[in-house]
Amino acid sequence: MKKLTYLTLMVFTLMFVAFSAASCSDSETYADKKKKEKNAINKFISDNEFVGQINVISESQFYAQDSITDTAKNEFVLFEDDGIYMQVITRGEGRTMPEMSKDFADSTVNKVVLCRFLEYNIETADTTLSNKWASYYWLVDKMLVNYSHRGRSYTASFTEGLMYTSYGSQVVPTGWLKPLDFVRLSRDTGEIARVRLIIPHSSGTTTASQYVYPYYYEISYQLGK
């Protein structure tokens, strides 16, 4: 009887070890997910339903072009420090946040920024959020943005809109703030600043960070009250 119990225990132990090994081999590591993310971004750059094949340019070329991208050539600049790709569709009217900060003695500026956007999960090929085509003028995402010229840094929080309600967080993805160094903001409705972005998980939403998902965005920026 003891021998039978011992054999039964051994069988269950071996089964548990085999199951554990299989589970470990099936689970994705963070490195695996990052590789999958990189492949998804590269595939999107080669072909996508929004803009077609993307022509990636360097930061040096971008700055040499007065911080603008040629949409006729479908240019996106790659920022090497964070892996964000950006296309400036229209630069907008007014001034950039860094330019506005020079008006203040402490070199900091606080502004309400209004955004319309489209959010697309590159890995799952799914449009997840959008207020881009909303017919109601008030259906817009609002964020309070603080820029410090001394620290050359941004802090921002959503105060209302789809991003705030959908993610349950006021935290603005750092990728959304990247264009504010380059686009011009005003309350005028003439030429509103508009960009396209490819944002890796490290600069994205909490969901992007959790699942290591890259997202594509189309965003407009305008000053609010």
Side-chain angles (χ1 to χ4, degrees), residues 31 33-48 50-102 107-109 111 113 115 117-123 143 145-156 171-186 191-205 208-209 212-222:
K33 291 179 180 180
K34 284 181 66 177
K35 184 177 180 180
K36 191 174 181 181
E37 176 188 44
K38 184 178 180 179
N39 291 337
I41 291 174
N42 288 337
K43 184 179 179 181
F44 186 87
I45 288 171
S46 298
D47 186 33
N48 60 82
F50 297 97
V51 293
Q53 185 173 0
I54 291 170
N55 176 25
V56 179
I57 64 172
S58 65
E59 291 181 67
S60 58
Q61 182 177 343
F62 175 65
Y63 293 127
Q65 297 174 179
D66 193 28
S67 300
I68 198 73
T69 51
D70 189 339
T71 54
K73 296 179 181 178
N74 209 18
E75 291 180 346
F76 277 62
V77 56
L78 168 60
F79 296 97
E80 296 285 356
D81 62 333
D82 50 26
I84 293 173
Y85 297 78
M86 179 181 73
Q87 181 183 73
V88 180
I89 306 170
T90 53
R91 188 149 47 181
E93 300 171 352
R95 294 185 297 169
T96 65
M97 291 284 284
E99 288 171 342
M100 285 186 272
S101 70
K102 296 176 183 178
S107 298
T108 62
V109 59
K111 295 291 181 182
V113 180
C115 298
F117 73 97
L118 174 146
E119 179 187 76
Y120 176 84
N121 186 322
I122 293 175
E123 196 160 306
M143 56 184 185
V145 182
N146 173 277
Y147 173 77
S148 170
H149 186 70
R150 291 177 180 176
R152 296 185 182 276
S153 61
Y154 290 91
T155 56
V171 178
V172 177
T174 56
W176 274 51
L177 304 176
K178 192 78 171 186
L180 296 180
D181 275 345
F182 310 102
V183 297
R184 297 167 180 164
L185 305 177
S186 73
E191 184 183 79
I192 297 174
R194 294 186 298 135
V195 302
R196 295 185 175 108
L197 297 167
I198 297 172
I199 301 179
H201 76 282
S202 52
S203 298
T205 63
S209 180
V212 194
Y213 282 158
Y215 281 82
Y216 166 79
Y217 289 94
E218 296 178 0
I219 310 177
S220 68
Y221 297 88
Q222 186 179 9

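Everything numeric in this text was worked out from a predicted model, so none of it was measured. Heavy-atom basis, side chains included; hydrogens, waters and symmetry copies ignored.
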Is there a side chain to side chain contact (heavy atoms under 4.5 Å, CB included) between Cys115 and Tyr221 once you walk through the steps? CA-CA 5 Å; Cys115 298; Tyr221 297 88; 3.8 Å; yes
Would you call the rings of Phe44 and Phe50 parallel, tilted or perpendicular, where under 30° means parallel and over 60° means perpendicular?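 Tilted: the ring planes of Phe44 and Phe50 meet at 30° to 60°.
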Take the angle between the ring planes of Tyr147 and Tyr154 and call it parallel below 30°, perpendicular above 60°, tilted in between.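 Tyr147 vs Tyr154 ring planes: tilted.
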Between [X] and [Y], is any pair of side-chain heavy atoms under 4.5 Å apart?
X	Y	value
Glu119	Thr205	yes
Arg196	Tyr216	yes
Met86	Thr69	no
Phe79	Val77	yes
Val56	Ile45	yes
Thr96	Arg184	yes
Asn48	Ile54	yes
Glu37	Ile41	yes

Derivation of the side chain to side chain contact (heavy atoms under 4.5 Å, CB included) call for Gln53 and Asn74: CA-CA 8 Å; Gln53 185 173 0; Asn74 209 18; 5.5 Å; no
[X] to [Y] - nearest heavy-atom pair and separation:
X	Y	answer
Ala40	Pro214	CB-CG, 4.4 Å
Gln222	Ile192	OE1-CD1, 3.6 Å
Ser67	Val88	O-CG2, 4.4 Å
Pro98	His149	O-ND1, 4.2 Å
Ser186	Gly94	CB-CA, 4.2 Å
Ile84	Gly175	CD1-CA, 3.7 Å

Distance from [X] atom [atom1] to [Y] atom [atom2], nearest 0.5 Å?
X	Y	atom1	atom2	value
Asp66	Tyr63	CG	OH	12.0 Å
Glu75	Ile57	CD	CD1	4.5 Å
Glu191	Arg91	CD	CZ	9.0 Å
His201	Tyr213	NE2	OH	12.5 Å
Glu99	Leu185	CD	CG	10.0 Å
Asn55	Asp70	CG	CG	9.0 Å

Phe62 pairs by ring pair (Phe, Tyr, Trp, His ring centres under 6.0 Å) with which of Tyr85, Phe182, Phe76?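 Between Phe62 and the candidates, ring pair (Phe, Tyr, Trp, His ring centres under 6.0 Å) is satisfied uniquely by Phe182.
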Test side chain to side chain contact (heavy atoms under 4.5 Å, CB included) applied to Tyr215 and Leu197, Ile198, Asn121, the passing residue: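 When side chain to side chain contact (heavy atoms under 4.5 Å, CB included) is applied between Tyr215 and each of Leu197, Ile198, Asn121, only Asn121 qualifies.
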Qualifying residue, where the test is side chain to side chain contact (heavy atoms under 4.5 Å, CB included) with Arg194 and the options are Thr90, Ile219, Val183: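 When Thr90, Ile219, Val183 are each tested with Arg194, the side chain to side chain contact (heavy atoms under 4.5 Å, CB included) holds only for Thr90.
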Pair Val195-Tyr217, side chain to side chain contact (heavy atoms under 4.5 Å, CB included): steps then yes or no: CA-CA 8 Å; Val195 302; Tyr217 289 94; over 6 Å; no
